[in-house]
Amino acid sequence: MTRRLVELSGTAAAAALSADSVIVLPTGAIEFHGPHLPLMTDYLIADSVANAAVERAAEAGQDVWILPTIAYTKSDEHHWAPGTMWISWDTLMQTVVELGNSIAATPAKKLVFFNGHGGNLALLQVACRELRRRFGLQTFLMGATVPPGAHDGPEELGLGIHAGHSETSLVLHLRPELVDLSLAERSVPEHLDTFEHIGFKKRVTFGWLSNDFGTNGTLGDPTGANAAYGAELFEASVADAVEALAEVARFDAAGAA
Ligand SMILES: [Zn+2]
């Protein structure tokens with residue numbers, strides 16, 4: 001049986017869902033990913049990992065359902081680059097709050113944002129609390145892939161956050177015909193590494209646009225990307241998401257037995 005909620009009739013959906021059901025809403029992005037990757041990279045990754053994870057979780061007996069992936073999100077850091085299709089933070093906030101309102105009108109009470117684009121993170125954290133307070137939903141925010149860091153490419157200095165080794169490898173695994181590795185270039189803002197406290201994953205973060213760094217808009221080193229690594233990362237991400245969804249299913253913030 002399908003776990004894509006919108007493939008059911010409204011009547012069947014209402015009958016299938018209960019307060020224990022978990023609804024997964026993937027969030028992608030359509031944005032410039034260097035000359036070598038498709039605009040749909042974040043959409044593709046969020047959509048593929050989320051659908052595979054929900055399918056596998058359902059096979060394992062979990063009461064989990066998936067909604068269509070939101071394609072257009074908050075990509076204003078790449079606003080300057082060709083092909084980026086972005087909506088403003090307040091439009092996206094309004095959209096996810098109103099979708100949460102609709103979800104809260106179903107019997108389901110647990111919502112997981114399954115996010116494939118870093119630029120959405122802060123906003124979705126705020127949305128999680130907003131939906132908790134306004135509609136009583138139990139909300140969660142999950143990254144589409146296992147945490148980066150350990151998965152950065154060797155030449156990325158921890159700065160491989162966009163169109164670099166991991167993302168390029170994942171797309172080489174999922175849709176190799178959409179990648180042109182001959183155009184891939186290392187583009188790492190090494191000068192950032194001279195700051196001890198300020199950085200993407202450090203104690204002090206900063207507001208940035210992807211054309212601030214004097215690089216080509218890629219932040220990472222895609223040159224060593226390969227499909228085998230992409231397959232490994234995809235599998236690890238799906239397996240981890242299935243485990244995380246099982247925890248979501250039994251999660252109770254009040255600790256009641
Ligand atoms: Zn991306």
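Only heavy atoms go into these numbers, but all of them, side chains included; no hydrogens, no water, no symmetry mates.
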* Asked: Just by distance, do the side chain of T168 and the backbone of P222 share a donor-acceptor pair under 3.5 Å?
  -> no
* To do: Assess the side chains of E167 and H33: does a donor N or O sit below 3.5 Å from an acceptor N or O?
  => yes
* Taking the side chain from K74 and the backbone from L92, do they hold a donor-acceptor pair closer than 3.5 Å? -> no
* To do: Scan side-chain atoms only and decide if S210 and H162 contain a donor-acceptor pair under the 3.5 Å cut-off.
  => no
* Is any side-chain heavy atom of I161 closer than 4.5 Å to a side-chain heavy atom of E156? -> no
* **Residue E177 excluded, over 12 heavy atoms near CD under 6.0 Å** => yes
* Mark yes when over 12 heavy atoms from residues, nucleotides or ligands other than E7 sit less than 6.0 Å from its CD; otherwise mark no. => yes
* Could you give the distance from NE2 (H117) to NE2 (H78), rounded to the nearest 0.5 Å? -> 5.5 Å
* **More than 12 heavy atoms from other groups under 6.0 Å of CZ on F195** => no
* Are the side chain of K109 and the backbone of G136 linked by a donor-acceptor contact shorter than 3.5 Å? -> no
* Asked: Has Y72 got more than 12 heavy atoms of other residues, nucleotides or ligands less than 6.0 Å from its OH?
  -> no
* Among T145, T73, T27, D42, find the one that has a side chain to side chain donor-acceptor pair (under 3.5 Å) with N115. => T27
* Asked: Does E130 CD have over 12 foreign heavy atoms under 6.0 Å away?
  -> yes
* With distance as the sole test, does D240 use its side chain to make a donor-acceptor pair with the main-chain N or O of S237 at under 3.5 Å? -> no
